[in-house]
Amino acid sequence: MARNTLTPDQIVRAAIELLDQEGLDGLNMRSLGARLGAAATAVYWHIKTKDELVRLAGDTVWNEVELPDLDALEWRAAAAAMAGSMHAMLNRHPWLGQAFGSHLLYGPGKARHDDHSLALYEKAGFTPADADRAAATVFVYVLGSALGAAAQVSLTRRLSKSGDPEKELADTMAAATEVAMAFPRLRDRLDSAAAQYTAAPDRTFEFGLAAVLDGFEARLAERAE
């Protein structure tokens, strides 16, 4: 594909596919050009740097987050739906959580999400300053909750390049189990799913989000007294 037939949107979409498959470390202009059937120079004609490409890809996937109708839903239901959609998006694109720590990310996709989040918490009854805090609290919670799955993907990919990832992980879990035997509460949980590497008990995300929203609800009730 020649540079004059490529479009920035085609490049960004192909970059997202490559990032989903190979992670941040697997994204380079040569691999991207091969995926597009074009020379790396054709990609550079439209997007000058890898950092800019990651920024554009990262902003594009924010458009996947569904924004609830604030006139149709009670604020708490809307907050839960929006947080759940963001969590699902981060799990589909595990590289995005990593990109937050290594790239400057901004753009209309994320701005769309952030503005709607602020509107949601203002409608709930928070002052603008507290709506900022509420939106930031949920954002950080959702991002942190998705890091376990992202870490598993990244770790498995890295281990597969150096040897047998299943064996290395099994050896690590055996060593960790031996350590855990000295601690009674960890020992009692060794047979549970939560004992697996980076795993968490079932419905941990929903439990934590409900606790956060319970706290918001309590604050709003205090203000109303």
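Starting from 1, each residue takes its place in the sequence as its number. No experiment lies behind these values; they were computed from the predicted model shown.
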* **Within-4.5 Å side-chain heavy-atom neighbours: Trp75 and Leu220** => yes

Next on the checklist: Would you say that Ser102 contacts Leu24 through its side chain, given a criterion of any heavy-atom pair below 4.5 Å between the two side chains?
Outcome noted: yes

- How about Arg189 and Arg185: do any of their side-chain heavy atoms sit closer than 4.5 Å? yes

CG of Leu105 to NZ of Lys110, rounded to nearest 0.5 Å, is 8.5 Å

query = Going by distance alone, is a donor N or O of one side chain under 3.5 Å from an acceptor N or O of the other, for Glu64 and His93?
reply = yes

Group every Ile, Leu, Val, Met, Phe, Trp and Tyr by side-chain heavy-atom contacts under 4.5 Å, then state whether Tyr44 and Leu56 land in the same group.
yes

| Are Met82 and Val138 close enough, and set up right, to give a side-chain contact (heavy atoms from CB on, under 4.5 Å), and what steps lead you there? | CA-CA 10 Å; Met82 193 168 173; Val138 172; over 6 Å; no

query: Are Val12 and Tyr106 in one and the same hydrophobic cluster, where Ile, Leu, Val, Met, Phe, Trp and Tyr link if side-chain heavy atoms are under 4.5 Å apart?
result: no

Mind checking whether Phe100 and Phe139 have parallel, tilted or perpendicular rings, split at 30° and 60°?
-> perpendicular

*May I ask whether Leu147 and Met86 are part of the same hydrophobic cluster, defined by side-chain heavy atoms of I, L, V, M, F, W, Y residues being less than 4.5 angstrom apart, directly or through others?*
no

- Query: Can you hop from Leu213 to Phe207 via hydrophobic side chains spaced under 4.5 Å?
  - Reply: no

Taken to the nearest 0.5 Å, the spacing of Asp132 CG from Ser117 OG works out to 9.5 Å

Heavy atoms of other groups near Arg219 CZ, more than 12 under 6.0 Å = no

ask   = Do the ring planes of Phe205 and His87 sit parallel (below 30°), tilted (30 to 60°) or perpendicular (above 60°)?
value = parallel

Any side-chain heavy atom of Asp9 sitting closer than 4.5 Å to one from Thr60? no

Flag side-chain contact, heavy atom, 4.5 Å: Tyr121 against Thr137: no

Self-check item: side-chain contact (heavy atoms from CB on, under 4.5 Å) evaluation trace for Arg76 with Phe216
Solution: CA-CA 9 Å; Arg76 181 165 177 151; Phe216 290 174; over 6 Å; no

So CD1 of Ile11 and CD1 of Ile16: to nearest 0.5 Å the spacing works out to 12.5 Å

Distance col, row Leu36:CG vs Glu17:CD, nearest 0.5 angstrom, shows 9.0 Å

Closest heavy-atom pair, Leu18 versus Arg35, reported as atoms and distance to 0.1 Å, is CD1-NH2, 3.7 Å

In terms of heavy-atom contacts, Gly109 and Asn63 come closest through CA-OD1, 3.6 Å

One should read off an interatomic distance between Leu90 CG and Arg92 CZ, to the nearest 0.5 angstrom, of 9.0 Å

- Task: Check the surroundings of atom CD in Glu66: do more than 12 heavy atoms from other residues, nucleotides or ligands lie under 6.0 Å from it?
- Result: no

>> Tell me if a side-chain donor or acceptor on Glu52 pairs with a main-chain N or O of Thr49 at a distance below 3.5 Å.
In response: no

On a heavy-atom basis, the closest approach of Phe126 and Ala134 is CE1-CB, 4.1 Å

Value for CG (Leu32) from CZ (Arg30), rounded to nearest 0.5 Å, stands at 13.0 Å

Discussion item. Could you check whether any side-chain N or O of Ser85 sits under 3.5 Å from a backbone N or O of Ala81, counting only pairs where one atom can act as donor and the other as acceptor?
Written reply: no

| Leu186, CG atom: more than 12 neighbouring heavy atoms under 6.0 Å | yes

Margin query: Set out, in order, the CA-CA distance, both residues' side-chain angles and the distance that settles side-chain contact (heavy atoms from CB on, under 4.5 Å) for Arg112 and Trp62, then state yes or no.
Written below: CA-CA 8 Å; Arg112 161 188 170 272; Trp62 276 103; 5.8 Å; no

Between Met29 and Ile47 the two heavy atoms that sit nearest each other are CE-O, 3.7 Å

Exercise. Decide whether Val142 and Leu118 are clustered together by the hydrophobic rule: side chain heavy atoms of Ile, Leu, Val, Met, Phe, Trp, Tyr closer than 4.5 Å, transitively.
Key: no

Closest non-hydrogen contact found for Ala83 with Leu209 is CB-CD2, 3.8 Å

Quick check on Arg13: does its CZ atom have over 12 non-hydrogen neighbours (other residues, nucleotides or ligands) under 6.0 Å away? no

- [ ] Might you confirm whether atom CD of Glu178 has over 12 heavy atoms from other residues, nucleotides or ligands at distances under 6.0 Å?
- [x] no

| message | More than 12 heavy atoms of other residues, nucleotides or ligands under 6.0 Å from NZ of Lys167: yes or no? | response | no

